[in-house]
2 protein chains.
Amino acid sequence: MQLKNQVEWALHCAAVLAGLPEGRYVSTKALAEFHGVPKEYLSKALQGLSSAGLVVSTLGPSGGYRLARAPGDISFLDIVEAIEGPGRTFVCTEIRRNNPCRPAGMCDDRPCGVARVMWAADEAWRASLRQVSLAELGEGIAEDVPADLLAAGRDWLLNSR
Amino acid sequence: MQLKNQVEWALHCAAVLAGLPEGRYVSTKALAEFHGVPKEYLSKALQGLSSAGLVVSTLGPSGGYRLARAPGDISFLDIVEAIEGPGRTFVCTEIRRNNPCRPAGMCDDRPCGVARVMWAADEAWRASLRQVSLAELGEGIAEDVPADLLAAGRDWLLNSR
DNA sequence: TTTATTACGGATATTATTTATCCTTAAGGA
DNA sequence: TCCTTAAGGATAAATAATATCCGTAATAAA
Ligand code: FES
Ligand code: FES
């Protein structure tokens, strides 16, 4: 079980957009070249973010994407779910119903004990992702990479047309 | 991203084995019929449990599988990892290295800030699975299904040859 | 007004993974 | 000796991930 590579791409794109001056847009082309990933395919990920309402797009020259909300109001979970969908990692196919000793309809209203545990773990994962925002990601990154390099990246993106 | 259906099968098989009297073995055939899943394919999952050291197998008539340890000493994580492997759900392909503004080798020793957050969530998921054992699963199931039905299932499995 | 640029979405191709079946081998019990 | 069983390799089918291509409409700049 592995998350799609789009998740890594989308998170990095969101991180980049979070560092931009207000109101500036960056195109798919610029984001793709900056991250070294295929433009057409990255586009699908960005469309996912867009339809989830996390980013806003605009057409035409100097168009592209910007965040729809403040970085502090967008969580990792928001982005991961925009790419992966809202489904759980564990899906129960109700194999307990095949048990030859089980009366039909037996506690069908209650999820299976196995599923309850698996879904609790899923929820722990989600909770962990929900509590980190793009703003906090930015703080973490600022500790790793010097301010002048971050500024250079910003400039590269804004002037790459 | 979705766990394999084998995970559900393996967990249910383990739960069943945990409820059996000490020293009794149950065959793949019986487990497959009990759960209504294809025998040959379930066999692969059981082989996974076996090579992970979670169950012990024996050959010949009245052969099959039993747990290798007490139910209290086998966690959900043990079983999930036996099927899914030990890998993380988020894999970092180091797209930061493609950043045209980044000096080569820049903090390559430290994982990317994005990966750190994703891996922390992975760890939360694992921790959640690690802290529930088959014994605890058994307690949860005993609350859902009456003792006589559990006994009937046990008998069905032990006499199905 | 024209032109270049862009997001969007559908169609399609390629590759990898999951799911499943089949068959041979060797071990163990009756 | 014969039947049952786990183990494991080979292979096939179905599904999902990865990727490319192209047409359309919107938009800003020239
Ligand atoms: S029946 Fe699906 S997890 Fe138990
Ligand atoms: S480079 Fe892989 S998560 Fe940042």
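Below, chains carry the letters A, B, ... as their sequence lines are ordered, and counting in each starts from 1.
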Tell me: CD of B/Gln2 to C1' of D/dA16, nearest whole Å?
10 Å
Please classify the nucleic acid contact of B/Ser43 as base, sugar-phosphate, or nothing, using heavy-atom distances under 4.0 Å.
nothing
Among side-chain atoms of A/Thr93 and B/Glu8, is any donor-acceptor pair under 3.5 angstrom?
yes
So which nucleotide from C/dT18, C/dG9, C/dT6 ends up closest to the side chain of A/Glu40?
C/dG9
For the pair made of NZ in A/Lys39 and P in C/dG9, what is the distance, rounded to whole Å?
16 Å
Please report, rounded to the nearest Å, how far the C1' atom of D/dG9 is from the OH atom of B/Tyr41.
16 Å
Could you say whether A/Gln47 or A/Met1 is positioned toward the 5' end of DNA chain C, judged by the nucleotide with the nearest heavy atom to each?
A/Gln47
In A/Gln47, A/Glu40, A/Lys39, the residue satisfying side chain to side chain donor-acceptor pair (under 3.5 Å) with A/Ser43 is A/Gln47
Please state whether the phosphate of D/dT18, meaning OP1 or OP2, lies under 4.0 angstrom from any side-chain nitrogen or oxygen of A/Asn5.
yes
I want to check something: taking the side chain as every heavy atom from C-beta on, are B/Val114 and A/His12 in contact at a cut-off of under 4.5 Å?
yes
Write down the distance between CG (B/Leu31) and C1' (D/dA6), rounded to a whole number of angstrom.
13 Å
When you measure from the side-chain N and O atoms of A/Ser50 to the phosphate of C/dC8, is any distance below 4.0 Å, counting only OP1 and OP2?
yes
Starting at CH2 of B/Trp9 and ending at P of C/dT18, how long is that distance when rounded to a whole Å?
14 Å
Report yes if a side-chain nitrogen or oxygen of A/Ser57 is closer than 4.0 Å to either non-bridging phosphate oxygen (OP1 or OP2) of C/dC8; otherwise report no.
yes
What is the distance, rounded to the nearest whole Å, between atom CG of A/Leu42 and atom P of D/dA17?
17 Å
Whole-Å distance, A/Lys4 NZ to C/dT17 C1', equals 14 Å
Nearest heavy atom decides the nucleotide; on that basis, is A/Thr58 or A/Lys44 closer to the 5' end of DNA chain C?
A/Thr58
Does the side chain of B/Thr28 get closer than 4.0 angstrom to OP1 or OP2 of D/dA6 through an N or O atom?
yes
Using OP1 and OP2 only, check whether a side-chain N or O of A/Tyr65 sits under 4.0 Å from C/dC8.
yes
What nucleotide, of D/dA19, C/dG9, D/dT5, holds the atom closest to the side chain of B/Leu59?
D/dT5
I need the OH-C1' distance between B/Tyr25 and C/dG28, as an integer number of Å.
12 Å
So does A/Glu22 pair up with A/Arg24, basic N to acidic O under 4.0 Å?
no
Only residue of A/Thr58, A/Val56, A/Leu49, A/Thr28 satisfying side-chain contact (heavy atoms from CB on, under 4.5 Å) with A/Tyr65 is A/Thr28
